[in-house]
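Naming convention: chains lettered A, B, ... in sequence-line order (proteins, then strands); numbering from 1 in each chain. If you're wondering where the values come from, they're calculated on a predicted model, not measured in any experiment.
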Amino acid sequence: YSFFPGKPRWPKRKRDLTYAFVPQNNLTDEVKRVFARAFTRWSEVTPFNFTRSESLVGADIVIGFFSGEHGDGEPFDGAMGTLAHASSPPTGMLHLDSDEDWLISDGGISRRILPVTSVVDLESVVVHEIGHLLGLGHSSVEDAIMFPAISGGDRKVELAKDDIEGIQHLYGGNPNGDGGGEKKSSRQSETSGGGS
Amino acid sequence: KFYTNVSSIPPLQFLNATQNAWETFSKLAGCHIGEKIDGLSKLKRYFHRFGYISAAAVDNCTDDFDDVLQSAIDTYQKNFNLKVTGKLDSSTLRQIVKPRCGNPDMIDGVSEMNGGRKLRTTER
């Protein structure tokens, strides 16, 4: 595993992070559930809680799908190529390429979904980018989530040992231990309005 | 576009996989230092994007297969667990054209991506 230069991380007082979607994407709840699942994978092994906010104002993390040049100096490049990018802590920006064909999987395990396709598994990319948002850089371990590349048709969503060791080097483990089902639901909450 | 299940993906998609922006790199297979091949400057900009070549070196980059490009390929091959040949062999190009995260592998010329393994090698 690796880190951004200077090992930036979220300050100790920030373990309950909120995230919001840019409204102009008009994402369906089905798509938003993919992000909730991806955040849960990281909250299970860290002290973080992630809560969705309907309001961008005050959200710690802002998520959006953009095409080409979108104002951050790192333009996307059409189908395939670069899929997404994310900022280091505590900036909280997650951008995905809206020119990609995204597959909303059913939440299943990591596997090869299709032999040859340009369709990319959304959850696999989101789990990776959340790793950056929390402070991880890329890893050479091929089954690690933080390995930089993924083939269309592949799904890789479970955190590998390398990912967990890296993120716990920054923040320690999940104080609730196993992060099991019931805890998962209490840890992964979604606000109905701008309550957060 | 979002496809909610595999069966909803139209057959056309199976062809798009070969239409990505980096597919053109495949024609550079077998290139090595000393050659001048059309398209190498685009590949240098790819390596700059992911931190393997500095901004200064990429500003007026040419289609020459030079030391800068060879060094970038060496480091890339180390980072992606490929045989370090310094050449554009097929396994390296297969990895290069794969879709990936836009975040760089190296920042300010430093790569920790394979750092742990390198350190262990040094200790050994």
J.: Tell me if a side-chain donor or acceptor on A/Thr82 pairs with a main-chain N or O of B/Cys101 at a distance below 3.5 Å.
T.: no
J.: Please flag which part of A/Phe3 lies under 4.5 Å from any non-hydrogen atom of chain B: side chain, backbone, both or neither.
T.: both
J.: Chain B: which of A/His128, A/His132, A/Glu142 shares the most heavy-atom pairs with it under 4.5 Å?
T.: A/His132
J.: Is the NZ atom of A/Lys161 crowded by more than 12 outside heavy atoms at less than 6.0 Å?
T.: no
J.: At a 4.5 Å cut-off on heavy atoms, which part of A/Glu129 comes close to chain B: side chain, backbone, both, or neither?
T.: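 Answer is side chain: those atoms of A/Glu129 sit under 4.5 Å from chain B.
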J.: Side chain from CB out, backbone as N, CA, C, O: work out which of these in B/Phe50 comes under 4.5 Å of a heavy atom of chain A, or both, or neither.
T.: side chain
J.: Apply the test side-chain contact (heavy atoms from CB on, under 4.5 Å) to residues B/Tyr3 and A/Asp101: give CA-CA distance (whole Å), side-chain angles for both, the deciding distance (0.1 Å), then the verdict.
T.: CA-CA 7 Å; B/Tyr3 294 97; A/Asp101 292 325; 3.8 Å; yes
J.: Should A/Tyr171 and A/Met146 be regarded as members of a common hydrophobic cluster, given that ILVMFWY residues are connected when their side-chain heavy atoms come within less than 4.5 Å of each other, either directly or indirectly?
T.: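 As far as the 4.5 Å side-chain criterion goes, A/Met146 and A/Tyr171 are connected within one cluster.
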J.: Checking A/Glu74 against chain B: side chain, backbone, both or neither under 4.5 Å from a heavy atom?
T.: both
J.: Highest number of heavy-atom pairs under 4.5 Å with chain B: which of A/Ser88, A/Gly78, A/Ala86?
T.: A/Ala86
J.: Under 4.5 Å from any heavy atom of chain B, what part of A/Leu96 do you find: side chain, backbone, both or neither?
T.: neither
J.: Go through A/Leu27 and B/Phe2 one step at a time and tell me if the side-chain contact (heavy atoms from CB on, under 4.5 Å) criterion holds.
T.: CA-CA 10 Å; A/Leu27 299 177; B/Phe2 295 108; 4.0 Å; yes
